[in-house]
Amino acid sequence: MTRLRSPLFVTALTVLMAFAALGTIVAGVASIYGQRAAEDARAGVRMRAVQQTRSNLRLLEAELQTYRLLPIMLGEYPDVRAALASGKVDPALNTKLALLAERTGAPVIYALDTQGMTIAASNAGRPDSFLGHDYRFRDYFTKAMASGATEFFALGSVSGRPGLYLSRRIDRAGRPLGVVVVKVEFEKIARAWIQDRMATFVTDPDGVILISSDPKLEFRTTRRLSPSRRAELVETRQFGSSPLAPAPLTLAEGVSRLPDRSPAITVSLPVPISGWRLVHMEPLDAALRTAAARTRWATAIAAMLTIAAMLGAWWLYERRKRNVGARAELEAEVARRTAELRATADRLQIEVEQREASDQRFRQAREELAHANRVGSIGTITASVAHEINQPVAAIRTFADNAAAFLDRGEPARAATNLQSIVDLTSRIGTITAGLRRYARRGAGSIGPVALDEAIDGVRLLIGDRFRAKGVTLDLPNGPEARLTVIAGRVRLEQVLVNLLQNALDAVADRRDARVSVTVGRKGRDVVLTVADNGPGIEADIADHLFTPFATSKKDGLGLGLGIARDIMTEFGGTLDLVPAPEGAIFRMILVKA
């Protein structure tokens, strides 16, 4: 009896140990592979979320750039100034504003007198006309009258439709005439953001959702409002009668929750409006389910491989007890099972290749979308051309006047010199405007070796007379350091220097000992240019967003120059920064030496 039980006990013990080993191996594979698959799923979703957020932000920025120049243009419109000066309604002006709104796509354009009363509006002929309405209670009127320009998001008191109000004060001889307002609505942008189960929205500094791909989230809050702030918003009627209830979602550093409580990855980027942020929530549950399915497949394959190995070991053990025929049968069985495993591995390899092909098609589509968004930002480049072309035009006027004077005095040689300078400046203007066409294509202009002394001579030609006229000392390098060669584009390098020097001139114009200097030095293999002045310096609250478009400390400035200058330097492979200074302001340019 003992002899019968002993082999049975050994066999049972062997089977139990084999299953224990199998369970340990499968559990280890499931744990390690499951964690890695979940991490890969989160990383993939985060990458898609970042790409989608940047794409949505470019779409919003392009829409804002389209309309931001309208108030500036209307400020120079003679009919608007005449209507504000007279304070009387002009039906012809209403018709012109309606035509301008139709061509630009702006929902409404209107003009307010100094008392906040609407005297002209593009919707004058519609039932929801703003004509004759008093908007002195609106922040976009009071802040524009106080500071010159503002951007304010609110619910329309007449139309009931939310939008961003771009307002600018119109002055004549230092006296305000009134305010022009352009309303921008984002319904089209919000529709473009709509995707299956994703959420994209814009919040203001209070955490109130202003624009959303889900209309149910508009005017909800992403964080708790203080009672005083809530009372202030109700009093100003910025959001009408909206209760400003909390949004049915959760925003967190790790995993957020969508309105249906499903997990999501959240990415947030700043919008070029003070305090605004664009938030995009990418669903995570589908990726986690896919990772779990992959884990189950990996676990199953590991179990199959382990079972196959155990069976093979078992059959090898049994082979020692069997005859030659049994051994051949065992080898055939092992070969059959190995072929099945190889077929399974081949199917998995085909699936991996299909996934890689799908990923390649996705990357190609993403690159095409990036190019389309770059073309959509053409409004920014148009604004830069309009801003930067003013200096050569002013210089042409000066040279033309001088040439006329020289001709009157019978000095044709000196007049010819001025006329040749006009020809050179005209060619330079053509080079600047040609950059706009290049930007719409793939590529961004010609960059190569440029001699610093040639660029500095061009700058001296453009603005030297202005410094002498204002009695400001301008120190430009003329030694061996000025003859270095850098990687840049000559015209655009001159644009950066002219912009910095003009800003410095405006800053020191009222000082008795005014001085502006440009120095050239070396930093390793790079070339460093500094533009320094002894003016009042730049205030800390302006310095933080000095290079942001439309951020300016000048009363009549557009806020485009420094942003354009930094973009140009980045394209050259260099940098442009404001560095701390004990007196005045110092801007540092770093260029690559040719």
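Relative orientation of the F153 and F186 rings is parallel, given thresholds of 30° and 60° on the angle between their planes.
A salt bridge links R397 and D401; the closest N-O separation between the charged side-chain nitrogens and carboxylate oxygens is under 4.0 Å.
Rounding to the nearest 0.5 Å places CG of L500 at 13.0 Å from CZ of R588. A distance of 7.5 Å separates CG in L562 from CD1 in I538, rounded to the nearest 0.5 Å. The distance from the CG atom of N534 to the CZ atom of R515 is 8.0 Å, given to the nearest 0.5 Å. Between T142 atom OG1 and D139 atom CG the span is 4.5 Å, to the nearest 0.5 Å. A distance of 10.5 Å separates CD in Q51 from NE2 in H280, rounded to the nearest 0.5 Å. In this structure, CD1 in I456 is found 8.5 Å from CG in N478, a value given to the nearest 0.5 Å.
Residue pairs meeting the salt bridge (charged side-chain N to carboxylate O under 4.0 Å, His left out) criterion with at least one member in residues 572-585, sequence neighbours excluded: R511-E583, R566-D577.
Annotation for R525: atom CZ does not count as buried by contact number, only 12 or fewer foreign heavy atoms lying within 6.0 Å.
Between L578 and A585 the shortest heavy-atom distance is CD1-CB, 4.4 Å. Taking every heavy atom of both residues into account, Y165 and A154 meet most closely at CE1-O, 3.7 Å. Contact detail for F467 and L501: the closest heavy-atom pair is CZ-O, 3.6 Å. Nearest heavy atom pair, residue P205 against residue W276, reads CD-CD1, 4.2 Å. The minimum heavy-atom distance between A507 and P536, with the atom names listed, is O-CD, 3.3 Å. Scanning all heavy atoms of the two residues, the minimum distance from P107 to K183 falls at CD-O, 2.9 Å.
Judged by distance alone, the side chain of E282 and the main-chain N or O of M198 form no donor-acceptor pair under 3.5 Å.
If you run side chain to side chain contact (heavy atoms under 4.5 Å, CB included) between V520 and each of V486, L484, L476, D453, only L484 comes through.
When side chains are defined from C-beta on, F399 does not count as touching D424, because their heavy atoms never get closer than 4.5 Å.
In this model, a donor atom of one side chain and an acceptor atom of the other lie less than 3.5 Å apart for N56 and Q52. Side chains of S167 and T150: a donor-acceptor N/O pair is absent below 3.5 angstrom, by distance only. If you check the side chains of D506 and Q502, you find no donor sitting under 3.5 Å from an acceptor.
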